[in-house]
Amino acid sequence: MVRLAIDFEFPSRRWWENGGQELWDALTEAFDGSGVAVDDDLANSWLAQAREIDGWDAGAEYAPHPIRLSPVDEDEEF
């Protein structure tokens with residue numbers, strides 16, 4: 001399991017406006033909207049689609065993408 005979450009330091013709105021918002025909403029509709037824990041295969045598939053949307057790489061060095069991927073702590077509650 002991994003966590004996909006909005007990187008609020010990502011400065012550009014281009015990815016969100018070019019279809020990223022709809023892609024994100026489809027993934028998080030049953031959750032709070034700012035992050036979601038998913039299995040590795042779903043995360044990889046979703047990220048492949050996300051990278052195809054214009055603006056994915058429009059961030060700064062410290063926040064290069066609008067969504068960040070991080071491991072899920074085994075003790076973390078969902």
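From a predicted model like this one, the values you see are computed outputs, not experimental measurements. Start at 1 with the first residue, then count along the sequence.
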Flag side-chain contact, heavy atom, 4.5 Å: [X] against [Y]:
| X | Y | result |
| --- | --- | --- |
| Leu69 | Trp46 | no |
| Val2 | Asn44 | no |
| Thr28 | Leu4 | no |
| Ile67 | Ile6 | yes |

For a quick test of reading the model, state the closest non-hydrogen atom pair linking [X] to [Y] and the distance between them.
| X | Y | answer |
| --- | --- | --- |
| Ala63 | Phe10 | O-CD1, 3.3 Å |
| Gly59 | Pro11 | CA-CD, 3.8 Å |
| Pro64 | Glu61 | CD-O, 3.7 Å |
| Val72 | Ala37 | CG2-CB, 4.1 Å |

Could you state the interatomic distance from [atom1] ([X]) to [atom2] ([Y]), rounded to the nearest 0.5 Å?
| X | Y | atom1 | atom2 | value |
| --- | --- | --- | --- | --- |
| Leu23 | Glu52 | CG | CD | 11.0 Å |
| Asn18 | Arg13 | CG | CZ | 10.5 Å |
| Trp15 | Arg51 | CH2 | CZ | 11.0 Å |

Linking I/L/V/M/F/W/Y whenever their side-chain heavy atoms sit closer than 4.5 Å, directly or via other members, would Phe8 and Tyr62 fall into one cluster?
no
Taking the six-membered ring for Trp, are His65 and Trp56 parallel (under 30°), tilted (30 to 60°) or perpendicular (over 60°)?
parallel
